[in-house]
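Okay, so here's the structure we're looking at.
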Amino acid sequence: MEYLEPLFRWIHVIAGVLWIGLLWFFNFVNIPFAAKMKEAGAAGTVVPELMPRALFWFRWGAVWTWVTGVLLLLLVFYHGGALLDGEGELLTTANLVMLGVTFLGVFIYDAWFKSPAAGNLRVAYSVGFVFTAVVAYLMTEWAGYGYRGMSIHIGSMFGTAMAFNVWFRIWPAQQKIIAAVKAGEAPDAALPALAGSRSRHNTYMSVPLLWTMINTHTGAFAGAGVVGLLVIILVGWHLVFQLYARSTKVEGA
Ligand code: HEM
């Protein structure tokens, strides 16, 4: 166990960098670049050559990050006792429900963003924020998770939704987009809209997620509890918003 943990951590961070690095490339470089490429009429050549290669590393990076993340959860939090700060029963109803929310919450997220009510993005994101707040509160107050346990489970909930988006929303849509572009046809407008919105959600989740991942190093904020994490999520979202704004101003040669 002593040797497995650092090895899993290493693979986890390598795969995470691969995945999230490409996610940020797609969002902060490729979106403005794609507009220029379209203007130049180069999409038919560049998209079928670039996107399958980039999406290969992207989706396998997501799998390896998720699998090694779950292995770390098992090793450090359930077997190692970090979930409840070493106190209390692991298999309580509250714990099982909150674990269910961590890994199955993705289906609530997916259904919500498919619903017409989520058409208003401000409302959609606000509901997502309130949902996260309620889950974090229940993890702490009902299930008795410590700071580290609560933080990593909110991160794992985000990460699971992100990996789901990669495999079941972005990749299937991109396959059809690439095929259409290669054939010189315009893809069905719903496809770039779906892939684009889920990629944007992932980018917004990725920055707060990284805070939750480094919880062994952020103990100074443990006293701020759930409220502290919620503030970090808002700061992270603002940072992503600023990065998107900046990305439209960075020029090519
Ligand atoms: C996909 C779902 C994910 C799960 C279930 C997960 C799970 C975990 C777990 C359990 C830990 C150990 C935390 C601790 O010891 O307190 C961890 C650490 C970490 N994770 Fe994740 N993670 C996920 C996604 C990501 C992503 C996308 C990245 C992006 C790079 C990432 C980067 C990290 C980093 C940098 C650490 C800290 C390593 C350390 O301090 O030793 N994780 N993750």
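Counting convention: from 1, in listed order, for ligands and their atoms alike.
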Those residues at least two apart in sequence (or on a different chain) that pass side-chain contact (heavy atoms from CB on, under 4.5 Å) with Met51 are Phe26, Asn30, Val47, Leu55, Gln174, Ile178
- Message: Can you tell me how the ring of Phe113 sits relative to the ring of Tyr125, calling it parallel under 30°, perpendicular over 60° and tilted otherwise?
- Response: perpendicular
Check your understanding: Is the charged tip of Arg200 near the ring of Tyr244: under 6.0 Å from the six-membered ring centre and within 45° of its axis?
Key -> yes
Across all chains, not counting sequence neighbours, the side-chain contact (heavy atoms from CB on, under 4.5 Å) partners of Ala94 are Thr92, Trp142, Ala143
Closest heavy-atom pair, Asn165 versus Arg198, reported as atoms and distance to 0.1 Å, is OD1-NH1, 2.9 Å
Contacts satisfying side-chain hydrogen bond (donor to acceptor under 3.5 Å, both in side chains) that involve residues 222-233 (not counting sequence neighbours) are none
Name each N or O atom in ligand 1 that is under 3.5 Å from a protein N or O, and give the partner atom and the distance.
unit_1, atom_1, unit_2, atom_2, d
ligand 1, 15 (O), Arg9, NH1, 3.1
ligand 1, 15 (O), Arg9, NH2, 2.6
ligand 1, 15 (O), Arg148, NH2, 2.9
ligand 1, 16 (O), Arg148, NE, 3.1
ligand 1, 16 (O), Arg148, NH2, 3.1
ligand 1, 16 (O), Asn215, OD1, 2.9
ligand 1, 16 (O), Asn215, ND2, 3.3
ligand 1, 20 (N), His12, NE2, 2.8
ligand 1, 22 (N), His12, NE2, 2.8
ligand 1, 40 (O), His217, NE2, 3.0
ligand 1, 41 (O), Arg9, NH1, 2.8
ligand 1, 42 (N), His12, NE2, 2.7
ligand 1, 43 (N), His12, NE2, 2.8

